[in-house]
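One structure is given here, and the rest of the page talks about it.
Hydrogens, waters and symmetry mates are skipped; everything else that's a heavy atom, side chains included, is used.
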Amino acid sequence: MEKNVVKEKSKQFALDIIVLYKQLSEEKKESIISKQIMKSGTSIGANVREAQRAQSIPDFYSKMNIALKEAEETLYWLELLQAGNFITTELFNIYYEKCEEIVRLLVSITKQQMNY
């Protein structure tokens with residue numbers, strides 16, 4: 001079975017985001033941004049997963065583009081969490097780098113749609 005890097009990384013990232021959400025909502029008592037990052041951060045992998053069963057090539061790229069948009073939104077929420085001192089710079093850097101890696105993968109995939 002072929003390894004699907006973006007699928008694996010986006011799923012692991014979703015699990016990491018769930019941990020962050022729990023920490024923010026339970027320890028920091030932050031609910032608004034944590035709910036937003038929970039939605040966008042877990043949606044990345046959900047859209048990647050949906051793309052695996054796309055009905056057509058345009059449908060595949062549509063789902064991957066949505067995943068890319070969700071990843072960009074997640075980066076925004078991470079920036080706000082750090083700026084608002086809800087997460088440490090160290091934690092921010094860890095999550096941000098993981099999400100940036102997914103963004104790079106998704107950009108690479110979505111650029112291929114130009115050939116179709």
(message) Between T89 and N93, is there a side-chain heavy-atom distance shorter than 4.5 Å?
(response) yes

(message) What's the separation between atom CE in M64 and atom CG in D59, rounded to the nearest 0.5 Å?
(response) 11.0 Å

(message) Could you tell me if the side chain of I109 sits less than 4.5 Å from the side chain of F60, heavy atoms only?
(response) yes

(message) Does any part of the side chain of L91, heavy atoms only, come nearer than 4.5 Å to the side chain of L20, both counted from C-beta?
(response) yes

(message) Does E90 have more than 12 heavy atoms from other residues, nucleotides or ligands lying within 6.0 Å of its CD?
(response) no

(request) Please say whether more than 12 non-hydrogen atoms of neighbouring residues, nucleotides or ligands are located less than 6.0 Å from CD in Q52. (result) yes

(message) Are the side chains of S62 and I66 in contact, using a 4.5 Å heavy-atom criterion?
(response) yes

(message) Quick check on the hydrophobic clustering: are I94 and L75 connected, directly or via other members, by side-chain heavy-atom contacts under 4.5 Å?
(response) no

(message) Within the 4.5 Å heavy-atom criterion, are I102 and T74 side-chain neighbours or not?
(response) no

(message) Any heavy-atom pair between the side chains of L81 and F92 that's under 4.5 Å?
(response) no

(request) Determine whether I87 and L24 make a side-chain contact, defined as any pair of heavy atoms from C-beta on separated by less than 4.5 Å. (result) yes

(message) Under the salt bridge (Lys or Arg N to Asp or Glu O under 4.0 Å) test against D16, which residue among K9, K11, K22, K98 passes?
(response) K98

